[in-house]
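Along the sequence shown, residues carry numbers from 1.
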Amino acid sequence: MTPSRLTTEHVREEYRRQSDQIRDYEYARWLRTRRDWEDYRMMYAFLDAELEDAPLTEVLEVGPGPGTWTRLLLGKAPDAHCVLVDVSETMLAQAMVRLGRRHQLTYVAQDFLETDIQGRSFLLSARALEYVPDKLAFVARARQALRPGGQGLVITKNPGFFGRALGRRIGRSNPLLHTEQIDARSLTALLTEAGFVDVQTRPVVIRLPYRLRLHGLGRLLWCGLRRTGLNAFTTLFCEAYAVRFAAPDPRR
């Protein structure tokens with residue numbers, strides 16, 4: 001029986017089901033259609049720039065899935081010690097195939113909220129927070145996981161994106177897996193209340209109406225908006241946004 005609200009067990013079972021049907025989740029998610037490919041290009045370019053100055057020594061990645069963005073991270077910092085935590089053991093199995101069992105990689109098939117990981121210099125969570133039912137607990141656990149001065153970067157779906165807002169307006173129901181998205185203002189408030197500093201939000205994926213097939217124009221719009229903060233205009237066309245933050249360091 002499907003629960004009325006999203007649960008961690010539902011997420012685990014859903015990705016187990018998808019893995020049984022889709023042997024190459026990375027391709028199915030990011031490369032199968034032109035829109036997926038454009039989303040991938042924007043995600044890649046954004047992360048490529050963001051990770052350039054990130055403290056990538058002791059990294060925690062929450063929700064790595066098949067290792068799509070882990071590969072980019074390791075390209076930036078080949079010697080980084082990375083702990084990859086995912087609630088889905090089947091997704092981690094795909095990550096192991098792509099990344100291998102390198103000595104500096106630790107795979108943890110567990111709910112992030114139940115881990116006791118600490119002392120990390122950098123936390124990355126790309127496109128996973130929307131599947132965590134308890135956002136307050138996620139932020140609290142991130143606070144415990146990061147060492148003083150450590151940094152975090154979370155990329156997640158934007159519930160204010162026009163496509164989703166329109167769907168809600170006309171009464172279209174979302175699959176349970178996509179019902180726990182959080183807007184940038186609320187996430188920023190949670191991070192600030194938890195004591196994080198230097199909290200900044202930016203658009204990551206910009207989309208125009210897909211049926212118009214304005215992929216080139218959408219990418220030009222993204223190039224112009226990628227360095228801006230979120231506002232009423234960017235939020236409307238922003239399919240996914242990023243929040244970057246830091247754990248306070250009392251020594252500074």
Side-chain angles (χ1 to χ4, degrees), residues 6 8 11-12 15 25-26 29-30 39-40 42-44 46-51 54-56 58-74 76-77 80-88 91-92 95 99 105-147 150-159 177-178 180-184 186-188 190-191 194 196 198-205 238-247:
L6 185 67
T8 299
V11 175
R12 183 182 290 113
Y15 276 98
Y25 183 83
E26 181 177 306
R29 173 61 186 86
W30 295 109
D39 288 357
Y40 175 85
M42 286 181 262
M43 281 282 295
Y44 189 99
F46 182 89
L47 277 168
D48 188 52
E50 284 293 311
L51 296 176
L56 304 178
E58 303 290 336
V59 177
L60 166 62
E61 186 176 2
V62 181
T68 302
W69 312 117
T70 317
R71 201 164 55 242
L72 172 58
L73 188 154
L74 291 173
K76 293 284 185 182
H81 289 80
C82 302
V83 177
L84 311 182
V85 179
D86 202 299
V87 70
S88 170
M91 284 289 103
L92 274 186
L99 304 172
L105 297 182
T106 301
Y107 299 94
V108 180
Q110 189 178 3
D111 182 354
F112 170 59
L113 304 185
E114 297 175 356
T115 66
D116 60 358
I117 300 165
Q118 298 182 29
R120 300 282 101 183
S121 64
F122 190 74
L123 182 152
L124 172 65
S125 181
R127 315 289 295 224
L129 180 61
E130 55 262 35
Y131 307 124
V132 179
D134 192 338
K135 305 297 191 289
L136 180 61
F138 177 94
V139 170
R141 182 81 273 281
R143 184 77 167 82
Q144 296 167 351
L146 282 172
R147 67 192 185 200
Q151 297 179 21
L153 177 66
V154 171
I155 299 174
T156 189
K157 290 180 180 292
N158 170 32
L177 196 64
H178 300 293
E180 292 292 335
Q181 299 166 17
I182 184 172
D183 63 87
S186 298
L187 181 54
T188 297
L190 288 179
L191 290 164
F196 286 111
D198 300 329
V199 182
Q200 302 174 15
T201 61
R202 286 200 295 280
V204 179
V205 174
C238 174
E239 188 274 335
Y241 68 90
V243 180
R244 188 157 181 174
F245 51 91

Can you see which heavy atom on [X] is nearest to which on [Y], and at what distance?
| X | Y | answer |
| --- | --- | --- |
| Arg141 | Leu113 | CD-O, 3.9 Å |
| Ala246 | Asp198 | CB-OD2, 4.4 Å |
| Ser88 | Tyr15 | OG-CB, 3.6 Å |
| Gly152 | Leu146 | N-CD1, 4.2 Å |
| Val85 | Pro64 | O-CD, 3.1 Å |
| Phe112 | Ala142 | CZ-N, 3.9 Å |

To the nearest 0.5 Å, tell me how far [X] [atom1] sits from [Y] [atom2].
| X | Y | atom1 | atom2 | value |
| --- | --- | --- | --- | --- |
| Thr8 | Asp111 | OG1 | CG | 4.0 Å |
| Thr201 | Arg244 | OG1 | CZ | 13.5 Å |
| Leu51 | Trp69 | CG | CH2 | 10.5 Å |
| Cys82 | Leu74 | SG | CG | 5.0 Å |

Does any donor atom in the side chain of Glu58 or Ser121 lie under 3.5 Å from an acceptor atom in the other side chain?
-> no
Decide yes or no for [X] and [Y]: does some side-chain heavy atom of the first lie under 4.5 Å from some side-chain heavy atom of the second?
| X | Y | answer |
| --- | --- | --- |
| Tyr241 | Thr156 | yes |
| Asp86 | Leu84 | no |
| Val139 | Phe196 | yes |
| Phe122 | Leu153 | yes |
| Leu187 | Leu129 | yes |
| Met43 | Val205 | yes |
| Leu124 | Leu47 | yes |

Under the side chain to side chain contact (heavy atoms under 4.5 Å, CB included) rule, what do Leu190 and Ile182 come out as? Steps first, then yes or no, please.
-> CA-CA 11 Å; Leu190 288 179; Ile182 184 172; 3.9 Å; yes
For [Y], does its backbone N or O pair with a side-chain atom of [X] as donor and acceptor, under 3.5 Å?
| X | Y | value |
| --- | --- | --- |
| Arg120 | Val59 | yes |
| Arg147 | Ala247 | no |
| Arg12 | Val87 | yes |
| Arg143 | Ala194 | yes |

Quick one: do Glu26 and Thr68 satisfy side chain to side chain donor-acceptor pair (under 3.5 Å)? Show the steps, please.
-> CA-CA 7 Å; Glu26 181 177 306; Thr68 302; 3.0 Å; yes
Look at Arg127 together with Glu239 and state whether they make a salt bridge at an N to O cut-off of under 4.0 Å.
->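 Yes.
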Carefully, step by step, assess Asn158 and Gln181 under the rule side chain to side chain contact (heavy atoms under 4.5 Å, CB included).
-> CA-CA 7 Å; Asn158 170 32; Gln181 299 166 17; over 6 Å; no
